[in-house]
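The block underneath contains the structure these notes are about, expressed in structure tokens.
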Number of protein chains: 2
Amino acid sequence: MITQLKGDRRRNRHAAKTEAILAAAWELAREQGLAGISLRALAARVDLSQPSLYSYFASKNQLYDLMFAQGNRQLLERLEAIELPGDPHDALKKVSRELVTFFTEDWARYQIMNQRTVPGFEPSEESYDIARRVFDWLLAPLHLAGVAAEAHIDLFVALLAGLSEAQLANEPTGDRWTRHVELAIDMLLREVQRS
Amino acid sequence: MITQLKGDRRRNRHAAKTEAILAAAWELAREQGLAGISLRALAARVDLSQPSLYSYFASKNQLYDLMFAQGNRQLLERLEAIELPGDPHDALKKVSRELVTFFTEDWARYQIMNQRTVPGFEPSEESYDIARRVFDWLLAPLHLAGVAAEAHIDLFVALLAGLSEAQLANEPTGDRWTRHVELAIDMLLREVQRS
DNA sequence: GTCTATACATCGATAGAC
DNA sequence: GTCTATCGATGTATAGAC
């Protein structure tokens, strides 16, 4: 029983430290780019020696995997917190706005979630499952708004990714592209109705 | 006169070797990712010692800059080679198809041209000028098709970038996203006409 | 121009002591 | 778990012979 409690405490300490390391990794990624994370700099930020990091993840790629999973978990949380308007078109617009806001508020997070930018990195099955859950969640408001054909869903994905990426690549802090989200959804919904 | 010819020959040899180095760099980038280019591996591919590369560019970032410029020059060439249909809508579709084909046929090229993926790299003024010339070239078929408002031009950019990137990130060899290029342009042109 | 040789700092990763 | 020490590879750069 005491051993059990001790085990729990150890697990909690370990999890808390892992959280702190991840937070520092996001900081570094925002400052230096995703590929610019160095394990020595990361260790220094959390008062560990560089080899000690390997008690928390087995390789740099696994650190990226943790970040990928965390990004997708954050997005799922944000989506589930939305209060959806009754009108399906308005609901889809609100979801789209949230998506683009989420993506453009952290360039490093967008990179790891949506681009293939780190040479050797592939998300693990478990982490990719979370990304799948995000996509599945999106299907409900899409279907309610009449966006059900694969072509239209793919256009939806391309539109939001394109607006987010153009914003991030050309003008990280402005809204020249993201302000067109609602216009883009209107356009897509008219296309859906036409067909 | 003879000296002149000799100088020309030397310049030609130098330019030819630079071409070969660039070609090898593209190969490496396609295999290992843009950031995965190592100067030692690059030198080995063109039968040079690593320090000898410095006779052709002053730093790795300048190599990236040469690649950025070459990618944009290739795109401009491809665009100028298009035989444009008389109908402005068809013309814009043909241009869009060419753009998406160009982007999706080489992931490394897309990365350096459109993403901010290499930590320290910024294109030089001269190289960025070529990118500007590409954009300026695109304005003509866009205007002819009635796409003149900034919002609509930005939507055009976002649509093509989004389709290209979704294709490259999720299914590098297929056409699940790129096949919707013409549909996307139809959709955009209807939006333009409406307003 | 090109080479060999060498230097320095940095990187991810591992071995082994405690 | 954490450390020190170390490994091999990297990018960058220079010296000096040919």
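Numbered from 1 within each chain, the chains take letters A, B, ... in sequence-line order.
When each of A:Ser55 and A:Gln50 is assigned the nucleotide of DNA chain D bearing its nearest heavy atom, the one mapping closer to the 5' terminus is A:Ser55. Nearest-nucleotide positions on DNA chain C for B:Arg13 and B:Arg40 put B:Arg13 closer to the 5' end.
Across the protein-nucleic acid pair, A:Leu34 atom CG and C:dC11 atom P stand 15 Å apart, rounded to whole Å. D:dT10 atom P lies 13 Å from atom CG of B:Leu53, rounded to whole Å. For the pair A:Leu63 CG and C:dC11 P, the interatomic distance rounds to 14 Å; values are reported in whole Å. Rounded to an integer number of Å, the gap from B:Gln62 CD to D:dG11 C1' is 15 Å.
At a threshold of 4.0 angstrom between heavy atoms, the contacts of A:Ile37 are confined to the sugar-phosphate backbone, with no base atom among them. When heavy atoms are screened at a 4.0 angstrom cut-off, B:Asp47 is found touching the sugar-phosphate backbone but no base atom. Using a 4.0 Å heavy-atom cutoff across all strands shown, A:Ser38 reaches sugar-phosphate atoms only and no base atom.
Contact check for B:Val95 versus B:Leu84: side-chain heavy atoms found under the 4.5 Å cut-off. Within the 4.5 Å cutoff, side-chain heavy atoms of A:Leu76 are placed close to those of A:Val134.
Closest to the A:Pro51 side chain, of the nucleotides C:dT2, D:dA5, C:dA5, is D:dA5. Side chain of A:Lys60, nearest nucleotide from D:dA13, C:dC11, D:dG1: C:dC11. Of the candidates C:dA13, D:dG1, D:dC3, the closest approach to any side-chain atom of A:Leu39 belongs to C:dA13.
With B:Asp186 as reference, B:Lys93 is the one residue of B:Lys93, B:His180, B:His89 to meet the side chain to side chain donor-acceptor pair (under 3.5 Å) rule.
Phosphate contact (OP1/OP2 of C:dC3, side-chain N/O of B:Ser52, threshold under 4.0 Å): present. The phosphate of C:dG12 (OP1 or OP2) has no side-chain N or O of A:Ser59 nearer than 4.0 angstrom. For D:dT2, the OP1/OP2 oxygens have no side-chain nitrogen or oxygen of A:Ser49 closer than 4.0 Å. At the phosphate of C:dT14, neither OP1 nor OP2 sits under 4.0 Å from any side-chain N or O atom of A:Tyr54. Listed pair B:Tyr56 / C:dT2 meets the phosphate criterion, a side-chain N or O lying under 4.0 Å from OP1 or OP2.
At a threshold of 4.0 Å, the pair B:Glu150-A:Arg179 counts as salt-bridged, since one of the basic side-chain nitrogens sits closer than that to a carboxylate oxygen. Remark: B:Asp129 engages B:Arg132 in a salt bridge, criterion side-chain N to carboxylate O under 4.0 Å.
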